[in-house]
Asker: 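Here it is, the structure in full.
We count ligands from 1, going down the list as the structure has it; atoms in each ligand are counted the same way. Residue indices begin at 1 and follow the sequence shown.
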Amino acid sequence: MQLPRNMSRADFLKQYWQKKPLLIKQAFPNYQSLISPEELAGLACEEGIESRILQEHEQTGAWQLRYGPFTEKDFTSLPKSHWSLLVQAVNHHIPELNNLLNEFDFVPDWRVDDIMISYAPIHGSVGPHLDNYDVFLLQAQGRRHWHINEHDYTEDDFIEGLELKLLSDFKSAQDWILEPGDMLYLPPGVAHHGIALDDCLTYSIGFRAPSQKELLSAYTVNFNDVAKDQYYTDPHLELQDSPGEIKTEHIRAMREMIVSAITDEADFASWFGRFITEDMHHYETEQHELTRHDFSQQFKQAGHLNRQGNIRFSYIEDVNKLRFFYAGNELDCTPDQLHLVRYLCSAHKLEYQTILKLANEDSVLALLHSLYQEGCFYFDE
Ligand code: SIN
Ligand code: CO
C-alpha cells in the first residue's frame, strides 16, 4: 500500500487512526479486483455465505433490504440502477484475498475483522450511515462518489422503523470520487454515503473492536465452563444496627468475587487469545485425512501450504512461554519456536523451504499435520 507522500505507517497511526478520515489516492496503483461482479453474485447464491441486496426506490427513495442466499432470477429481475449487493467476509471464501490484509499489517492481526465486498450499478448505494468500526474502503472497480460528515449524530438522527440504520438528514461536508486503487479510511462514527457512478466494486476492510458487553458475555460463558462454584463466606460477620441495610463492605466483597475471576493475567491472556481467534461463523470444516507421511510428501511436492480463509492465528509471548492460538484453540510452544510462530501468523501461504529453515523438520511437520487435520490448511487443487 502506498500512503500519501512522506507519510509513514507510524505517521498514519499517530495522526489518523481512530481520529480522522484520510483519502489515499492510488493506495494500490492499477488495482485489479480479485473477484468479478458475476463471481460476487455467485457467492451470494451460496448457502452459508452472508449477503444482502439493498434497493432504493428510484422515485420515492424508500429502501428495501433482502437477505441471501439469492437465486439467478433475483439478479436478473433487478433494475439497471439504485441497488447494491453486499457480501460479508469474502476473504473467508476466497483465501487469496487475505494477502491484501498483509498490506494493513501496521495494525495487529487481532484487530482485523474481514473483507466485505459490495457491487453496485450506477446510483447504487447503501444509504447514508455510520459504522462502529474503523474501515478502509478500497475502490476495486469503477468509480464511487463518497460523501462524509464528521458531525456527531444521535439516535434521533436515524430514519425510524427501518431495519437498516440510515441517517434521515445527512448533509455532505466533504466528498471525493474514488477510482480503482483509491482508498478512503474512516474512523468509527464518521457518517458516510458512497454512490456508484458506474459498475463498481468496493472492498471494505473492516476492523473489530470488541465491546465491553461482548467481552463480558463471552468471558462469562467461558467462566461458567471453567470455574468451580465458590460461595460467599462471612465468618467475621458483625452485628449490624439495621438488618435491612446492605453494607458497603458487603457490596465490596461481592464485587471482589467478580473481579477476582479476571485478575489472573495468564489465565485471562489465554482466554483472550482463544476468544479473539475463534471462528464466529462456524463454517463446516472439510475432513482432512492424509496420514502424516502423505501430508509431508504433498507439502514437499507442492512447495507450499495455504491457510483457510477463515482461520485466525495469533500468539502471546509470556515469560518462558509462547502461546500459539488458532481458531479458538491454544497450543503451548517453547520460546525457541518464536520465529516459526511469527511466520505461521504472518503468512497465509506457507513455503516448505522457509518452514524447514525455521524449525526441526520432524516436529514442525507434526505440528502442521495436526493443524491440517483440524482444518486450518489446504493444498491447491
Ligand atoms: C459499500 O460498499 O457500498 C458500503 C460500505 C460501507 O459504507 O461501509
Ligand atoms: Co459503512
Asker: Flag the pair D279 and R312 as a salt bridge only when some basic side-chain nitrogen lies within less than 4.0 angstrom of an acidic carboxylate oxygen.
Answerer: no
Asker: How wide is the angle at the Co ion (ligand 2) between NE2 of H192 and NE2 of H129, to the nearest 10°?
Answerer: 90°
Asker: If you measure from the Lys or Arg side-chain nitrogens to the Asp or Glu carboxylate oxygens, is any gap between D11 and R9 under 4.0 Å?
Answerer: no
Asker: Please work out which of the three classes, parallel, tilted or perpendicular, describes the rings of F268 and W271, given edges at 30° and 60°.
Answerer: tilted
Asker: For residues Q88 and D114, is any side-chain donor paired with an opposing acceptor at under 3.5 Å?
Answerer: no
Asker: Would you say NE2 of H339 has more than 12 non-hydrogen atoms from neighbouring residues, nucleotides or ligands within 6.0 angstrom?
Answerer: no
Asker: Provide the atom name of the closest N, O or S atom of D131 relative to the Co ion (ligand 2).
Answerer: OD2
Asker: I'd like to know if R143 pairs up with E179 as an ion pair, taking the criterion as any Lys NZ or Arg NE/NH1/NH2 lying under 4.0 Å from an Asp or Glu carboxylate oxygen.
Answerer: no
Asker: Could you tell me whether K247 and E245 make a salt bridge, using a distance below 4.0 angstrom between a side-chain N and a carboxylate O?
Answerer: yes
Asker: Could you tell me, for ligand 1, which of its N or O atoms are under 3.5 Å from any protein N or O, listing the pairs and their distances rounded to 0.1 Å?
Answerer:
| unit_1 | atom_1 | unit_2 | atom_2 | d |
| --- | --- | --- | --- | --- |
| ligand 1 | 2 (O) | S118 | OG | 2.7 |
| ligand 1 | 3 (O) | S118 | OG | 3.4 |
| ligand 1 | 3 (O) | R144 | NH1 | 3.4 |
| ligand 1 | 3 (O) | R144 | NH2 | 3.3 |
| ligand 1 | 7 (O) | H129 | NE2 | 3.1 |
| ligand 1 | 7 (O) | H192 | NE2 | 3.1 |
| ligand 1 | 8 (O) | D131 | OD2 | 3.3 |

